[in-house]
Amino acid sequence: MEILTNTVGRKVLMAVTGLFMLFFVIVHLLGNSTIFVGPGALNIYAEKLHSLGPLVWAFRAFMLAMLGLHVLFGVLLTLENWAANPGKYAVNRKLKATFSSETMIWTGALLLAFLVYHLLQFTLRVTPDIIPEAVAKRPGDVYAMVVSSFRHTAISLIYVGAMVVLFLHLKHGIQSFFQSLGWSNDRTLPRFETIGNVLSALFLLGYSAIPVLILVGFLSK
């Protein structure tokens with residue numbers, strides 16, 4: 001298919017797959033935020049997800065496919081840019097080069113590594129910090145598992161650091177989405193930049209609040 005082989009088509013696919021992952025980031029944050037309501041709310045949320053069974057796994061498979069395509073085309077486009085501009089990462093000429101835009105491939109790689117760690121920790125539950133009594137059966141005491149894990153300073157710092165990386169990636173990625181679909185111009189670009197900045201900042205604050213508040217003792221078992 002031509003859309004898979006030309007640069008414009010790849011950018012469109014990058015934008016579409018990125019949009020699906022952005023929706024997931026939003027939904028995931030809303031679900032995680034039930035922890036602020038109390039242990040019961042988060043555990044009920046986890047139980048509800050667990051009860052959906054095959055639907056959850058189908059959704060995970062779909063998101064894995066979107067992630068795979070996003071990574072694949074991100075790498076291909078980066079290699080093409082490097083080949084066309086040796087020694088310098090090329091950004092879209094209509095977008096002002098920023099630290100976020102110039103490090104997209106690296107922040108993406110860091111987020112992929114963090115995702116693997118996050119799945120090992122809270123989905124597969126094989127990291128040493130997971131307390132056995134919290135996972136005696138699925139879905140287990142998710143609240144106790146999260147609180148116990150984030151009481152480790154190193155783990156909380158890893159998560160906050162990852163959210164800073166997510167902030168940088170989405171700060172450019174959101175505005176780039178509109179550019180890739182041809183919806184951005186000199187007049188609308190500042191608005192899309194503002195949308196990207198605000199949303200990425202909200203994600204940074206929302207996700208980071210959980211480990212930080214647990215670490216300082218605001219949330220406890």
Side-chain angles (χ1 to χ4, degrees), residues 1-33 59 62-85 87-115 118 159-210:
M1 296 176 61
E2 187 176 350
I3 193 173
L4 300 177
T5 57
N6 67 70
T7 300
V8 174
R10 289 175 178 175
K11 287 183 178 180
V12 170
L13 287 173
M14 277 282 291
V16 172
T17 55
L19 181 62
F20 279 111
M21 287 183 286
L22 178 62
F23 285 149
F24 175 78
V25 169
I26 294 172
V27 172
H28 195 52
L29 177 58
L30 292 175
N32 287 357
S33 296
F59 175 75
F62 174 76
M63 290 307 304
L64 181 61
M66 293 297 99
L67 174 63
L69 289 172
H70 194 75
V71 170
L72 173 63
F73 292 120
V75 171
L76 291 175
L77 287 169
T78 299
L79 293 177
E80 290 176 0
N81 287 332
W82 284 349
N85 299 268
K88 183 178 180 180
Y89 181 77
V91 296
N92 193 304
R93 286 177 297 178
K94 291 185 179 181
L95 294 177
K96 182 180 179 181
T98 63
F99 179 76
S100 297
S101 65
E102 293 180 330
T103 57
M104 286 294 283
I105 188 64
W106 308 118
T107 54
L110 288 172
L111 287 174
L112 183 60
F114 169 73
L115 178 61
H118 182 60
Y159 271 79
V160 173
M163 294 309 101
V164 172
V165 174
L166 178 66
F167 166 79
L168 293 172
H169 197 75
L170 291 181
K171 188 175 185 292
H172 175 73
I174 292 174
Q175 60 174 302
S176 182
F177 165 81
F178 296 103
Q179 182 71 28
S180 297
L181 296 183
W183 297 346
S184 181
N185 54 47
D186 292 337
R187 181 176 59 84
T188 59
L189 180 58
R191 299 176 187 175
F192 295 140
E193 288 179 338
T194 300
I195 292 174
N197 291 339
V198 170
L199 284 179
S200 55
L202 288 175
F203 294 141
L204 172 60
L205 293 174
Y207 278 109
S208 297
I210 298 173

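When a residue number appears, it is its place in the shown sequence, counting from 1. Computed from heavy atoms alone, side chains included, the values below leave out hydrogens, waters and symmetry copies.
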Find the distance between [atom1] ([X]) and [atom2] ([Y]) and round it off to the nearest 0.5 Å.
X: Lys171; Y: Leu204; atom1: NZ; atom2: CG; result: 12.0 Å
X: Trp183; Y: Phe192; atom1: CH2; atom2: CZ; result: 8.0 Å
X: His169; Y: Ser200; atom1: NE2; atom2: OG; result: 11.5 Å
X: Gln179; Y: Ile174; atom1: CD; atom2: CD1; result: 15.0 Å
X: Leu166; Y: Leu115; atom1: CG; atom2: CG; result: 11.0 Å
X: Thr107; Y: Glu102; atom1: OG1; atom2: CD; result: 12.0 Å

Sub-4.5 Å side-chain heavy-atom contact between [X] and [Y]:
X: Phe177; Y: Ile195; result: no
X: Leu76; Y: Phe73; result: yes
X: Leu168; Y: Trp106; result: no
X: Leu170; Y: Leu199; result: no
X: Leu13; Y: Leu69; result: no

Distance-minimising heavy-atom pair for [X] and [Y]:
X: Ser208; Y: Met163; answer: OG-CB, 3.4 Å
X: Ile26; Y: Phe203; answer: CG1-CZ, 3.5 Å
X: Leu202; Y: Leu29; answer: O-CD2, 4.5 Å
X: Phe167; Y: Ala201; answer: CD1-N, 3.7 Å
X: Met21; Y: Met66; answer: CE-O, 4.3 Å

Q.
Over 60° means perpendicular and under 30° means parallel, so tell me whether His28 and Phe24 are parallel, tilted or perpendicular.
A.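 Parallel, since the angle between the ring planes stays under 30°.
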Item checked: Ring-ring centroid check His118 Tyr159, cutoff 6.0 Å ->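 Here the rings of Tyr159 and His118 have centres that are less than 6.0 Å from each other.
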ask   = Any side-chain donor paired with an acceptor under 3.5 Å for Thr17 and His70?
value =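 Per modelled atom types, Thr17 and His70 side chains form a pair under 3.5 Å.
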Is there a donor-acceptor pair under 3.5 Å between the side chain of Tyr207 and the backbone N or O of Asn32?
->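 Here the side-chain-to-backbone pair does not exist.
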